[in-house]
Amino acid sequence: MSTAGAPVTTTDAGTGTALEPAPGTGPHPAPGATPPRAPLSRRAAAELVGTAALVAVVVGSGIQATELSQDVGVQLLANSIATVFGLGVLIALLGPVSGAHFNPAVTLAEWWTARRGGPGVTAREAAVYVPAQITGGIGGAVLANAMFAEPAVAWSGHDRSAGHLLLGEVVATAGLVLLIFGLARTDRLRFAPVAVASYIGAAYWFTSSTSFANPAVTVGRAFSDTFAGIAPGSVPGFVGMQLIGAVVGLALVAQLFGGTGGRPAGNP
């Protein structure tokens with residue numbers, strides 16, 4: 001019988017009586033065992049805090065970039081670099097708690113996968129995650145505004161309703177979902193912090209929309225009339241295209257990897 005994960009005990013030499021486990025030796029999960037899931041309230045808090053921090057990074061670095069340079073290329077470079085590092089850190093930090101979705105499109109894609117027999121969040125969990133993410137996105141934008149002495153809430157005037165920008169959001173979100181669920185299907189989610197952050201950094205530059213790829217972030221960015229903002233009138237189109245992109249991404253996952261196996265997309 002395997003003793004993996006069993007506590008280490010010592011025995012009295014004279015009586016053979018088992019003594020208490022040696023300090024720090026157990027019990028521990030067996031190697032490779034699935035860790036227990038955090039309570040839903042804690043996972044929701046992690047999604048709220050993580051999404052807030054992500055939006056604060058995006059909006060705050062955009063404001064800082066425009067204050068330091070008038071060159072739009074330099075501004076976008078600074079914004080994308082800050083986002084890459086910030087997102088990678090947040091996934092590494094909060095992934096073990098909630099899966100570090102920070103994105104309703106990812107949460108809904110995982111819920112759909114679970115409905116079809118794969119691992120993932122339940123409808124109840126998704127119904128808690130998504131509002132937490134949106135609330136966090138709004139809070140992060142307000143926080144970034146406040147840090148740079150901008151009005152706490154200032155609706156963005158940056159129109160992003162052009163058709164080519166909407167197409168960019170389909171591409172950006174499809175690629176993100178393909179990456180996350182592809183890593184899950186091939187049991188390589190340990191690479192998610194680097195892989196997802198790197199993809200978003202690249203998509204800043206190869207998509208016309210600069211890769212929002214996230215409904216919660218999109219809603220939050222409407223609350224800041226700064227470099228990273230989006231006009232409220234452009235939000236529904238962006239969110240709709242992001243959801244279409246998530247569907248396209250899942251279709252690509254099914255075509256390229258097949259089945260519904262693998263760990264949940266949000267469990268690195």
Side-chain angles (χ1 to χ4, degrees), residues 47-48 50-67 70 72-73 75-76 78-80 82-83 86-87 101-109 126-127 129-177 200 203-249:
E47 287 296 302
L48 188 152
T51 311
L54 175 59
V55 174
V57 168
V58 173
V59 174
S61 63
I63 297 172
Q64 185 80 285
T66 57
E67 291 182 353
Q70 298 302 311
V72 177
Q75 293 169 358
L76 186 61
N79 190 217
S80 62
T83 301
L87 179 57
H101 295 192
F102 312 147
N103 188 334
V106 171
T107 298
L108 293 174
Y129 267 42
V130 171
Q133 293 157 354
I134 294 172
T135 302
I138 295 170
V142 171
L143 175 61
N145 288 338
M147 286 194 293
F148 288 91
E150 299 284 341
V153 174
W155 300 115
S156 175
H158 193 161
D159 180 73
R160 299 179 188 262
S161 59
H164 66 285
L165 300 180
L166 298 178
L167 176 60
E169 281 302 290
V170 174
V171 172
T173 312
L176 178 62
V177 169
I200 291 298
Y204 252 88
W205 292 90
F206 77 75
T207 64
S208 57
S209 62
T210 66
S211 184
F212 283 43
N214 184 329
V217 169
T218 302
V219 171
R221 288 168 67 165
F223 284 73
S224 183
D225 191 19
T226 58
F227 178 79
I230 177 173
S234 299
V235 169
F238 259 49
V239 171
M241 293 303 104
Q242 290 158 359
L243 296 179
I244 290 173
V247 173
V248 173

- Under 3.5 Å: donor-acceptor pair, side chain of Asn79, backbone of Val58: yes
- Note on the structure: Closest heavy-atom pair, Pro232 versus Pro236, reported as atoms and distance to 0.1 Å, is O-CD, 3.3 Å
- Message: Which residues pass the ring-ring contact (aromatic ring centres under 6.0 Å, His included) test with Tyr129, not counting sequence neighbours?
- Response: His101
- Note on the structure: Closest non-hydrogen contact found for Leu165 with Arg160 is CD1-CA, 3.6 Å
- Note on the structure: Those residues at least two apart in sequence (or on a different chain) that pass side-chain contact (heavy atoms from CB on, under 4.5 Å) with Ala65 are Gln75, Ala78
- Restricting to pairs with a member in residues 230-239, which pass side-chain hydrogen bond (donor to acceptor under 3.5 Å, both in side chains), not counting sequence neighbours? Asp159-Ser234
- Do Val59 and Arg221 touch side chain to side chain, with heavy atoms closer than 4.5 Å? yes
- Query: Got Phe102 and Val217 here, is their nearest side-chain heavy-atom distance under 4.5 Å?
  - Reply: no
- side-chain contact (heavy atoms from CB on, under 4.5 Å) involving Ala126 - partner list, sequence neighbours excluded: Thr107, Trp111, Val121
- Item | Results of side-chain hydrogen bond (donor to acceptor under 3.5 Å, both in side chains) for Thr210 - residues two or more places apart only | none
- Query: Which value, rounded to the nearest 0.5 Å, describes the distance between Leu143 atom CG and Ile138 atom CD1?
  - Reply: 13.5 Å
- Taking side-chain hydrogen bond (donor to acceptor under 3.5 Å, both in side chains) as the test, write out the residues that go with Thr135, two or more places apart. none
- From CD1 (Ile200) to OG (Ser80), nearest 0.5 Å: 11.5 Å
- Item | Residue pairs involving residues 206-234 (criterion ring-ring contact (aromatic ring centres under 6.0 Å, His included); sequence neighbours excluded) | Trp155-Phe223, Phe212-Phe238
- Message: Could you report the tightest heavy-atom contact between Gly137 and Val55, atom names first, then the distance?
- Response: O-CG1, 3.4 Å
- Query: Which pair of heavy atoms, one from Asp225 and one from Gly157, lies closest together, and at what distance?
  - Reply: OD1-N, 3.0 Å
- Task: Without swapping roles, check the side chain of Ser156 against the backbone of Ile230 for a donor-acceptor pair under 3.5 Å.
- Result: yes
- Note on the structure: Contacts of Ala127 meeting side-chain contact (heavy atoms from CB on, under 4.5 Å) (sequence neighbours excluded), chain-then-number -> none
- Query: Which pair of heavy atoms, one from Ala82 and one from Val57, lies closest together, and at what distance?
  - Reply: O-CG1, 3.4 Å
- side-chain contact (heavy atoms from CB on, under 4.5 Å) filter on Val239, not counting sequence neighbours, yields Pro215, Thr218, Val235, Gln242, Leu243
- Query: About how many Å separate OG1 of Thr207 and CD of Glu169, when rounded to the nearest 0.5 Å?
  - Reply: 6.5 Å
- Distance-minimising heavy-atom pair for Thr173 and Ala246: CG2-N, 3.8 Å
- What residues, two or more places apart in sequence or in another chain, satisfy side-chain hydrogen bond (donor to acceptor under 3.5 Å, both in side chains) together with Ser211? none
- Query: Would you say the side-chain atoms of Thr51 and Gln133 include a donor-acceptor pair closer than 3.5 Å?
  - Reply: no
- Message: Tell me every residue that passes side-chain hydrogen bond (donor to acceptor under 3.5 Å, both in side chains) with Ser224, counting only those two or more places apart in sequence or in another chain.
- Response: Asn145, Thr226
- Query: Taking the side chain as C-beta and beyond, is there a heavy-atom pair between Leu54 and Leu87 under 4.5 Å?
  - Reply: yes
